Amino acid sequence: MTNEAPLHNHFIRQIVIDDQASGKHAGRVATRFPPEPNGYLHIGHAKSICLNFGIAREFGGRCNLRFDDTNPTKEDIEYVESIQQDVRWLGFEWDELRHASDYFDVFYQCAEKLITDGKAFVCDLSADEVRAYRGTLTEPGRNSPFRERSVDENLDLFRRMRAGEFADGARTLRVKIDMSSGNINLRDPAIYRIRHVEHQNTGNAWCIYPMYDYAHCISDAVEGITHSLCTLEFEDHRPLYDWCLREIDLPHHPQLAASLAARGLDAPAGTPQQIEFSRLNLDYTVMSKRKLMTLVDENLVAGWDDPRMPTLSGVRRRGFPPAALRLLCDRVGVTKQNSVIEFSVLEGCVREELDANAARRLAVIDPLRLVIDNLADGHEETLAFPNHPKNESFGKRDVPFSRELWIEREDFMEVPPKGFHRLVPGGEVRLRGVGIVKCESLDKDADGTVTTVHCTLDPDTRPGLPGAERKVKGTIHWVSAKHAVAAEIRLYDRLFNVANPDDDSDGKTYRDHLNPDSRRVVQGWLEPAAADAAPETAFQFERLGFFVADRYDHAADKPVFNRAVTLRDSWAKASKG
RNA sequence: UGGGGCGUCGCCAAGUCGGUAAGGCACGGGAUUUUGAUUCCCGCAUCCGUAGGUUCGAGUCCUACCGCCCCAGCCA
């Protein structure tokens, strides 16, 4: 894959540079991308993936893919598979694939240590009671009445929790920190809960499952992660992250992780540093898993990989190349500022990438018949077209040409507005790669709609002849009617018609802002060399935009193309005012 | 009246020990062009949330205010 050079130094890269220079972590760099397998990855995740894998690659370090599968009630194997596929598609490969559930035994051993050290207790309070004891943002909480149980009783109870003696929710294991802390995460947070649920990775081996804060920091330590990168909302979890690691002290108690050795998962435990950065948000889209899930579940879109979805599988199907997403992530930078990137920035990245790497083809998506009257009936020839205007290595292809063509309906106007450079009655225009054609007459149907444009081709303007140098205002694309292949063309537009669909302050929700025209399907005509392409091949259909052969539905004899993005169109912008 | 973050051009984002505002995207103008695309030039913050202060000099230091985001799951 390509390896884009970093645009500039961001604060996390600087921390890594400083750490490496000072010999912290013995100069090692290890990161991880830790998704919970409870949904599909989206563009926001791309930032984390690029950051984590990118840092590891840049500093000669390692990066693991780790499934944060500590809550079996929400997770599913479907997601763990899609996540792996998406990470690879983005262009990254993990050093090791791990699951938090690989460490369930370690978590358990550490919990017994915490209990033995008097740092954790089994609490019998119900969820509601815990909430009541927790206090509020401005009032301190109160100690649980079970906080002072003896070590022996705690150990006994915890072992019985594990043994399955208690019902879901009956008890939790809590850590003793400070119920009066201004940081609510430190008010004796639960680190284990009872869930008699089968786990996608460990089956029925466990009925108690660790909480995120507890499991994540230990997982990081056990994997020797040096820099644990996460998003801003975990900032006030960091004291808990550090507390757990300090109290457990894995580096000095390697026996706690001894069970890993037998499975080849052991490594010297480290002391990872959590560093937070801001999420990648885009306007005109929603990025929360919950909302994306709703769009899918309620059939508001055609699935997680609907081309309008901001999921990685969605943008992939839409035709956005992975390099465009990497470029986006480079371009937006890494900071702690909440930000919303304009969707046009992403589109710009897609255009930039595809302009350089997509072969050109001719296609017409709203056909109007054009007949070249001064060519013989049945006239046919084959023209050689370069596949890329600026890159000869793309080679050339044969394009069939004949007397009857399809041109784009919007490229002809009987009464043109000022500044219109295309075909008009009595006017001239260049047919791309063919020569200059003059509109001599029109055919119309009963409604007055133009059905055919009759032209004459100036034979002196064919390519290669001196007359080809003659300037005309416009050049339009075309496709030979006789040779064209009918295709299904899916035209996509933004899913939401407001910049911030998450904003429900006016009483409306994202569901009220769905763009009814976000998907239009038309029948168009392709030159043969476009139809005959493998699924996921991206082309620029000249003057129209970048299109991709649908990953699943496209076939050479029944082509289906999705429009990834239009070309920049200064005429449309100007003529619209 | 809690805790944790963040405020530099429309959107992002650099700004080393204080020395007199990078870059990208967008936008405006021009050149080239058999894609009104691409490419190429040129322009685009006397000002860094606000108000004071320190200093020869402050986006960078101090003080006070203002604004925005996150936290009260046995979710991650």
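The structure displayed is predicted, hence computed values, not measured ones. Just so you know, these numbers use all the heavy atoms, side chains as well, and skip hydrogens, waters and symmetry mates. Quick note on labels: first sequence line is chain A, next is B, and so on, each numbered from 1.
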Separation of B:A76 atom P from A:Phe33 atom CZ, nearest Å, is 16 Å
### Query
When the P atoms of B:G5 and B:G29 are considered, how many whole Å apart are they?
46 Å
Looking for any heavy atom pair under 4.0 Å, which part of the strands does A:Val340 touch: base, sugar-phosphate only, or nothing? sugar-phosphate
- Query: What nucleic acid atoms does A:His237 come within less than 4.0 Å of, heavy atoms only: base, sugar-phosphate, or nothing?
  - Reply: base
Of the candidates B:C12, B:A72, B:A76, the side chain of A:Val332 sits closest to B:C12
Item to complete: Have a look at A:Ser339 and say if it touches a base, only the backbone sugar-phosphate, or nothing, with a 4.0 Å heavy-atom cut-off.
Response: sugar-phosphate
Original post:
With sugar-phosphate meaning primed atoms plus P, OP1 and OP2, does A:Pro463 contact a base, only sugar-phosphate, or nothing at under 4.0 Å between heavy atoms?
Top reply: base
Subject >> SB check A:Arg66 A:Asp102 (cutoff 4.0 Å) >> reply: no
For B:U46 versus B:A21, give the span between their P atoms, rounded off to a whole number of Å.
-> 11 Å
query = When you compare B:U16 with B:C56, how far apart are their P atoms, in angstrom units rounded to a whole number?
reply = 22 Å
- request: Could you measure between the two P atoms, the one in B:U39 and the one in B:G49, and give it in whole Å?
  value: 34 Å
Handout entry: C1'-based separation of B:U55 from B:G19 [nearest Å]
Key = 11 Å
A:Lys336 NZ to B:U8 P, in whole Å, measures 16 Å
Worksheet entry | A:His99-A:Asp69 side chain donor-acceptor pair, cut-off 3.5 Å | no
_With a sphere of 6.0 Å drawn around NZ of A:Lys119, does it hold more than 12 non-hydrogen atoms of other residues, nucleotides or ligands?_
no
In whole angstroms, the gap separating C1' of B:G5 from CG of A:Asp236 amounts to 9 Å
Is the distance from OP1 or OP2 of B:C6 to the nearest side-chain N or O of A:Ser278 less than 4.0 Å?
no
Exercise. Heavy atoms under 4.0 Å, any strand shown: does A:Glu342 hit a base, just sugar-phosphate, or nothing?
Worked result: base
Would you say A:Tyr241 and A:Ser228 make side-chain contact, with heavy atoms under 4.5 Å?
yes
When A:Arg432 and A:Asp355 are each assigned the nearest nucleotide of RNA chain B, the 5'-most assignment goes to A:Arg432
With no hydrogens and no angle check, just 3.5 Å: does a side-chain donor-acceptor pair link A:Asp128 and A:Ser126?
no
Touch class at under 4.0 angstrom, heavy-atom based, for A:Phe546 against every strand present: nothing
message: So, does A:Lys471 get its side chain near the phosphate of B:U34, meaning an N or O under 4.0 Å from OP1 or OP2?
response: yes
- Determine the contact category for A:Gly348: base if any of its heavy atoms lies under 4.0 Å from a base atom, sugar-phosphate if only primed atoms, P, OP1 or OP2 are that close, otherwise nothing. nothing
How is A:Ser181 classified with respect to the nucleic acid when contacts are heavy atoms under 4.0 Å: base, sugar-phosphate, or nothing? nothing
Whether A:Arg543 contacts B:G36 is assessed here as follows: a side-chain N or O lying under 4.0 Å from the phosphate OP1 or OP2. Is that the case? yes
Q. What nucleic acid atoms does A:Lys289 come within less than 4.0 Å of, heavy atoms only: base, sugar-phosphate, or nothing?
A. nothing
Open item on the list: Less than 4.0 angstrom from a charged side-chain N to a carboxylate O is my criterion; do A:Arg470 and A:Asp460 meet it?
Closed with: no
Note to self: Categorize A:Ile194 for me: base, sugar-phosphate, or nothing, with a 4.0 angstrom heavy-atom threshold over every strand shown.
What the structure shows: nothing
Ranking B:C75, B:U33, B:A37 by distance to the side chain of A:Arg193, first place goes to B:C75
B:U8 phosphate, OP1 or OP2, under 4.0 Å from A:Gln337 side-chain N/O: yes
Considering just the side-chain nitrogens and oxygens of A:Arg351, establish if one lies under 4.0 Å of OP1 or OP2 belonging to B:A37.
no
ask   = With a non-hydrogen cut-off below 4.0 angstrom, is A:Arg360 in contact with a base, only sugar-phosphate, or nothing?
value = base
* Asked: What is the nucleic acid contact for A:Ala468, judged by heavy atoms within less than 4.0 Å: base, sugar-phosphate only, or nothing?
  -> base
Base-pair string, RNA chain B, Watson-Crick plus G-U, cut-off 3.5 Å on both distances, | for inter-strand, is .((((((..(((......[...))).(((((.......))))).....(((((..]....))))))))))).....
Give one of base, sugar-phosphate or nothing for A:Gly419, where a contact means two heavy atoms less than 4.0 Å apart.
base
- Query: B:G18 and B:C75: how far apart are their C1' atoms, nearest whole angstrom?
  - Reply: 47 Å
So CD1 of A:Ile208 and NE2 of A:His196: to nearest 0.5 Å the spacing works out to 10.0 Å
Check the surroundings of atom CZ in A:Arg279: do more than 12 heavy atoms from other residues, nucleotides or ligands lie under 6.0 Å from it?
no
Between CD of A:Glu235 and P of B:C69 the distance, given in whole Å, is 16 Å
Quiz prompt | Distance-only side-chain donor-acceptor flag, A:Glu233 / A:Thr231, under 3.5 Å | solution = yes
Practice prompt. With heavy atoms under 4.0 Å as the rule, sort A:Arg422 into base, sugar-phosphate or nothing.
Written response: base
Just to confirm, is there a sub-4.0 Å distance from OP1 or OP2 of B:A37 to any side-chain nitrogen or oxygen of A:Ser570? yes
| task | Check the geometry between A:His421 and B:G36 and answer yes if their rings are stacked (centres below 5.5 Å, planes below 30°), otherwise no. | result | yes
Can you tell me if the side-chain N/O atoms of A:Thr335 get under 4.0 Å from OP1 or OP2 in B:A13? yes
- [ ] Provide the distance between the two P atoms, one in B:C41 and one in B:G24, to the nearest whole Å.
- [x] 10 Å
Rounded to whole angstrom, note down the C1' distance from B:A51 over to B:G59. 16 Å
Quiz item: Within 45° of the ring axis of A:Phe121 and under 6.0 Å from its six-membered ring centre, is that where the NZ or CZ of A:Arg174 lies?
Solution: no
